[in-house]
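In what follows, residues are counted from 1 in the order of the sequence shown.
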Amino acid sequence: MPRRAARLLLSLVMLMAASLGGVVATAGTAHADGCYTWSRTLSQGASGADVTELQIRVAGYPGSGAVLAIDGDYGPATAAAVTRFQSAYGLAADGIAGPATFSKLYALQDDDCTPIHFTYAELNDCNTTWAGGAVSAATAKSNALRTMWKLEALRHALGDQPITVTSGFRSQACNDAVGGASSSRHLYGDAADLGAGPHSLCKLAQQARNHGFNGILGPGYPDHNDHTHLDHRPSRFWSAPSCGI
């Protein structure tokens, strides 16, 4: 789309200018982003809201079977996630979030902070308010945003081919209407059901193990033969027997 293309071009120009000028990575203030602008370089030992914002965006790169804590503290796990993110996009992989890393994040996000390949509407075809679930509307929407960034990482790892979300947030009424479990993670806004497309349901479930999902259900698990379910439940539960999970 034109807006996204313009933002990507601007980010690339900034990155080239920084490289040619030998700029020391000390701040991200050169780019005023419509969603969020980082104002300092972040590395191990840093803490604060800007670290939290970074963690949300790199939470899809925690390593196999791991989950990155979104706690505002830049520890070794965050540095490792940043390193994997940088490597995935061909950046210098040093685990330090500076201008080059921020420029890539700016290029990957829209003005409402969603990643460019996913939208709030995709994660909620139940209502427009995010109300009526097991948590507040604000929490459900925040959880969905974190899910989208993990899905963006999953999508990139699978060759940047489309991923179809068939179900996201559900109010209690919407969950009852589709026969969802009374404790469904969809009620929390942190779940996404994926349909088959360029990738099989098994491929989606298998790759999701690398992108920070505690809940993975798919083919072979009761009532999950037609989709792969991903969520952020408190502890790990993976079951897609037909996929070797």
Visitor: Going by ring-ring contact (aromatic ring centres under 6.0 Å, His included), name the residues that satisfy it together with Tyr74, two or more places apart in sequence or in a different chain.
Guide: none
Visitor: Among residues two or more places apart or on two chains, list those pairs meeting side-chain hydrogen bond (donor to acceptor under 3.5 Å, both in side chains) that have a residue in residues 233-245.
Guide: Asp231-Arg233
Visitor: Listed by chain and number, what are the salt bridge (charged side-chain N to carboxylate O under 4.0 Å, His left out) partners of Glu53, not counting sequence neighbours?
Guide: Arg57
Visitor: Connecting only ILVMFWY residues whose side-chain heavy atoms lie within less than 4.5 Å of each other, what is the rest of Val135's hydrophobic cluster?
Guide: Leu187, Tyr188
Visitor: Suppose we screen for side chain to side chain contact (heavy atoms under 4.5 Å, CB included). Which residues come up paired with Asn225, at least two apart in sequence or across chains?
Guide: Pro219
Visitor: Please name all residues satisfying ring-ring contact (aromatic ring centres under 6.0 Å, His included) with Trp130, sequence neighbours left out, ordered by chain then number.
Guide: Tyr120, Phe169
Visitor: His186: which residues meet the ring-ring contact (aromatic ring centres under 6.0 Å, His included) condition with it, sequence neighbours left out?
Guide: His229
Visitor: Show me the donor-acceptor pairs within less than 3.5 Å that the side chains of residues 196-203 make with the rest of the protein, sequence neighbours left out.
Guide:
| unit_1 | atom_1 | unit_2 | atom_2 | d |
| --- | --- | --- | --- | --- |
| His199 | NE2 | Leu158 | O | 3.1 |
| His199 | NE2 | Gln161 | OE1 | 3.2 |
| Ser200 | OG | Lys203 | N | 3.0 |

Visitor: Show me the pairs that pass ring-ring contact (aromatic ring centres under 6.0 Å, His included) and involve residues 137-165, at least two apart or across chains.
Guide: Tyr89-His156
Visitor: Is Val178 isolated, or which residues cluster with it under the ILVMFWY side-chain rule of less than 4.5 Å, directly or via members?
Guide: none
Visitor: With sequence neighbours excluded, give me every salt bridge (charged side-chain N to carboxylate O under 4.0 Å, His left out) pair touching residues 179-191.
Guide: Arg185-Asp190
Visitor: With salt bridge (charged side-chain N to carboxylate O under 4.0 Å, His left out) as the rule and sequence neighbours excluded, what pairs involving residues 125-151 come up?
Guide: none
